[in-house]
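Being a predicted model, the structure only gives us computed values, none of them experimental.
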Amino acid sequence: MMVLIGTNETCLLSGIFSNVKCPNCNFHSEINYSISTRYTSLTFIPIFPVGNTIQIECNHCSKEISFEDLDENLKVKLIIENKKVNQKRPLWLFSGVIILICWGVFYLFNLYQTKDETKILIQNPISGDVYNLKIQNRYFSSMRIDNVTKDSVFATENDYKVYLQSEIEEINKVENYTKRKVSYSKKELLSLLDKNEIFSIIRK
């Protein structure tokens, strides 16, 4: 999927000033103005606004008028209108930020929920459980519980490891658990959980 980062613009306010002398054609006419907000976007999703632009045009000669060429009264009016736009920006301009916040809340909630479930399961290990592990050098792998006694757990480690936690499901296959046998006391398993070396348990 291609990710596009850019800047877009949307008009949030427009209006007319009547009986204004145009500095271009020197004719007293209506002056059209519009205030647009520029915003950064990520694949067309607005993230946050970055500033406003004001466009002014004479209704008689249809030429654009520079803000600096207006008289002071009109400048003040446009500044006030610009402040109103800033105070009433629509929420959709912050869609990206809102999505990121919601995703962050969901991620943290899911993380704590997974942690609680893992703590419950690890206190009562059974054969067939798969423990997802964070191992040395920032790799991830897993081990399958083969047998459980009163105080100990016997397992087979996965033959493979991956770089990303999200990829660990791809190596969780029966044929990947072969000869790498290990054993832990139940206290050692709890210690590995506290150290985040065991981060989730799959129980079918």
When you look at T53 and E9, which way does the side chain to side chain donor-acceptor pair (under 3.5 Å) test go after all the steps? CA-CA 9 Å; T53 58; E9 191 170 274; 3.3 Å; yes
Looking at every non-hydrogen atom in both residues, tell me the closest pair between [X] and [Y] and how far apart they are.
{"X": "I47", "Y": "S41", "answer": "CD1-C, 4.0 Å"}
{"X": "P125", "Y": "K186", "answer": "CG-CE, 4.1 Å"}
{"X": "C11", "Y": "S36", "answer": "CA-OG, 3.5 Å"}
{"X": "N24", "Y": "K63", "answer": "ND2-CB, 3.7 Å"}

With a 4.5 Å limit on heavy-atom distance, are the side chains of [X] and [Y] in contact?
{"X": "F154", "Y": "V182", "value": "no"}
{"X": "I80", "Y": "K84", "value": "yes"}
{"X": "Y33", "Y": "I16", "value": "no"}
{"X": "T118", "Y": "L193", "value": "yes"}
{"X": "S183", "Y": "S152", "value": "no"}
{"X": "P23", "Y": "I65", "value": "yes"}
{"X": "Y131", "Y": "D129", "value": "yes"}
{"X": "L192", "Y": "K187", "value": "no"}

What's the separation between atom [atom1] in [X] and atom [atom2] in [Y], rounded to the nearest 0.5 Å?
{"X": "N132", "Y": "E169", "atom1": "CG", "atom2": "CD", "result": "8.0 Å"}
{"X": "I145", "Y": "R203", "atom1": "CD1", "atom2": "CZ", "result": "9.5 Å"}
{"X": "E197", "Y": "S191", "atom1": "CD", "atom2": "OG", "result": "7.5 Å"}
{"X": "E81", "Y": "I35", "atom1": "CD", "atom2": "CD1", "result": "6.0 Å"}
{"X": "N26", "Y": "K21", "atom1": "CG", "atom2": "NZ", "result": "5.0 Å"}
{"X": "Y177", "Y": "S142", "atom1": "OH", "atom2": "OG", "result": "2.5 Å"}

Test of understanding: clusters of I, L, V, M, F, W, Y form through side-chain heavy atoms closer than 4.5 Å, transitively. Do [X] and [Y] belong to the same one?
{"X": "V148", "Y": "I201", "result": "yes"}
{"X": "I171", "Y": "V130", "result": "no"}
{"X": "V20", "Y": "I79", "result": "yes"}
{"X": "M143", "Y": "I122", "result": "yes"}
{"X": "I168", "Y": "I135", "result": "no"}

Please name the residue in the list N172, T156, I202 that meets the side-chain contact (heavy atoms from CB on, under 4.5 Å) test with R144. T156
Would you mind telling me which of W92, F94, F48 makes a ring pair (Phe, Tyr, Trp, His ring centres under 6.0 Å) with Y39? W92
T178 versus D159, side-chain donor and acceptor atoms under 3.5 Å: yes
For E157 and S141, does a side-chain donor sit closer than 3.5 Å to a side-chain acceptor? no
Donor-acceptor under 3.5 Å (T37 side chain, P49 main chain): no
Is the positively charged end of K134 above the ring of F199, judged by distance under 6.0 angstrom from the centroid and angle within 45° of the axis? no
For the pair F67 and I56, evaluate side-chain contact (heavy atoms from CB on, under 4.5 Å) and give the outcome as yes or no after the intermediate values. CA-CA 7 Å; F67 179 83; I56 313 158; 4.3 Å; yes
Take L12 and T10 through the side-chain contact (heavy atoms from CB on, under 4.5 Å) test and state the conclusion after the steps. CA-CA 6 Å; L12 296 182; T10 184; 4.0 Å; yes
Taking atom CG as the centre, does L164 end up with more than 12 heavy-atom neighbours from other residues, nucleotides or ligands that are less than 6.0 angstrom away? yes
Note: K181-D146 ion pair, threshold 4.0 Å (strictly below): yes
One pair to check against side-chain contact (heavy atoms from CB on, under 4.5 Å): Q123 and L189. What are the steps and the verdict? CA-CA 9 Å; Q123 292 174 0; L189 290 180; over 6 Å; no
